[in-house]
Amino acid sequence: MTGMSDIDHGLDGTAGATDDESTEDESSGGDGLFDDLVGSTPVFEDKEVLRPSYTPRELPHRTAQIDQIASVLASGLRGDTPSNILIYGKTGTGKTACAKYVSEELEATAETGDVPCEVAYINCEVTDTQYRVLAQLANRFVADNRRVLQARLGDLETLRDRVEVEGAAALADSDLPDREALAAAIEELRADRARMEEVPMTGWPTDRVYDAFFEAVDYRERVVVVMLDEIDKLVEKSGDDTLYNLSRMNADLDNSRVSIMGISNDLQFTDFLDPRVKSSLGEEEIVFPPYDATQLQDILQQRAAVAFREGVLAEEVIPLCGAFAAREHGDARRALDLLRTAGELAARDGSERVGEGHVREAQEELELDRVTEVVRTLPRQSQLVLYAIVRMDEKGMDSITTGEVYGVYEHLCEHVSTDALTQRRVTDLIGELDMLGLVNAVVVSKGRYGRTKEICLSAKSDATARVLRDDAGLATLESVDPFVQQRFDV
DNA sequence: AATCCACAGGAAGCCCGGGAAC
DNA sequence: GTTCCCGGGCTTCCTGTGGATT
């Protein structure tokens, strides 16, 4: 259990980070600092259930997937090795929630059965190297073993004390024949305990960590499901060695069985895997399709019933949240964010009901947050390129071309004494800005006048400009006129 | 039909920082 | 500590290209 709480902590950490931001937003918005903490306002009954970290007990429209996962894992309850599972689906389709739900059920059922089943959850976005994955797993089972061992040791020690008082008769109801055996058993457990070392966060050779994990898992009989969330991140960052090692383990384990449950946003990620890993990992593949608008509404309805006070939601609020989120690839997380933000906005302006306007406002705000965040964290050079485009846009130029952007950009670089990148590189940066949705860039051919990209700022241009000036500190370039006559003298 | 513009975007290689291995 | 290796950012050099113009 201690191991699990460690792991959970990682999760809370990430959720906490986003929470911090939203509370900051609210306090700067001039609203009560403690509203969030008190948890109950005229609008909300319990806001927590709208947060991404909350795992509901019921997952609408996912019974098929849940049954599928459960039927695969069920073999673990019989002491067999469950097939490895690979779960696919876009963000906010309930992959992790379903997998966790089934895992909890599995562990709960196993408690009453003969074979212990345990699920080790690892978020590969955070734990993204082979070393860290193995170390985290090893430590979880080391802690687990120690606890079991400690309990057994405690029992034996009280037994020994009883033997001291009552004599050898006290051994009658144990499986130990005599005092020597008892002493030997205690010694053995102590030796085991001393041998079980925690794996440090860094420093050991990777194969030693692997051995530590191996020994810890095999210490007693059990079926272990290693749940690797965002497994594509792990493969992307550190290759498929981890998966290869894990999938091969069963051949050498004596007491325990290990199977892998991988969760991925990316349908294509198995292309990078070793064929052997690919076939072993993909024994069972389960796809989570995006939710459609009505399914999203059901989810929202279920949560809203708990989250909001009776009757504060206007009729059209939930359908609208569902529709907005369905447009974003059926992302339930997004739908819940929308609903929560809409509620917060209603609470902020003191209204007692959440209306359609609040939802639209929330949609705006979330989009704005995204743009702000993206622009703020852009590399310096990309910010300069983007700023060049902003300036040209503000000058009223339409159909901006790569060459023009480059000219302005070069000029801006001089004023911030930065070395300008080559045009080749800037084309790539413009491509990246396009991917991020900050600009729209289309390749057009102007016949005799060449082939270029036509670039324009996308929707949130005012937000983009504001962030560049305020956060990125480009306001100092405001006085610079980057539109010099270029290269007519050459 | 040929030409030619103003780039797009691929290929190869350099440089540098960070992490693993020795 | 140093050496090696790797990946990412970047440059240099290059070939390819759609369509107005000749």
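In what follows, chains carry the letters A, B, and so on, assigned in the order in which the sequence lines appear, proteins first and then strands, with residues in each chain numbered from 1. Given the structure is predicted, the values throughout are model-derived calculations rather than measurements.
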Please determine if A:R333 and A:D337 form a salt bridge, counting it only when a charged side-chain N lies under 4.0 Å from a carboxylate O.
no
Distance under 6.0 Å and angle within 45° of ring axis: A:R469 vs A:Y387
no
Over how many whole Å does the gap from A:L384 atom CG to C:dC10 atom C1' extend?
16 Å
Would the base of C:dG9 count as contacting A:R425 through its side chain, where contact means a donor and an acceptor less than 3.5 Å apart?
no
Residue pair A:T96 / A:D229, side-chain donor-acceptor N/O under 3.5 Å:
yes
Under 4.0 Å between a side-chain N/O of A:K446 and OP1 or OP2 of B:dC7, yes or no?
no
Any salt bridge between A:R370 and A:E373, counting N to O under 4.0 Å?
no
Calculate the interatomic distance between A:I455 atom CD1 and B:dA6 atom C1'; express it in whole Å.
13 Å
Atom CZ of A:R424 and atom C1' of C:dC13 are separated, to the nearest Å, by 11 Å
Between C:dC10 atom P and A:I430 atom CD1, what is the distance in whole Å?
14 Å
Looking at C:dG19, I'd like to know if its phosphate oxygens (OP1 or OP2) sit under 4.0 Å from a side-chain N or O belonging to A:S445.
no
Atom pair distance, as rounded to whole Å: CD in A:Q381 and P in C:dT11:
8 Å
Between C1' of B:dA6 and CD of A:E454, the distance in whole Å:
13 Å
Can you work out whether A:R448 or A:R451 has the more 5'-proximal nearest nucleotide on DNA chain C?
A:R451
Rounded to the Å, how far apart are A:E432 CD and B:dG9 P?
13 Å
Looking at A:T422, does any N or O in its side chain come under 4.0 Å of the phosphate oxygens OP1/OP2 on C:dT12?
no
May I ask you to say whether A:D144 pairs ionically with A:R222, meaning some side-chain N is under 4.0 Å from a carboxylate O?
yes
To the nearest Å, how far apart are A:Y409 OH and C:dC10 C1'?
11 Å
Shortest side-chain distance from A:T402, nucleotide among B:dG10, C:dC10, B:dA8:
B:dA8
From C-beta outward on A:L421, which listed nucleotide comes closest to its side chain: B:dG9, B:dC7, C:dT11?
C:dT11
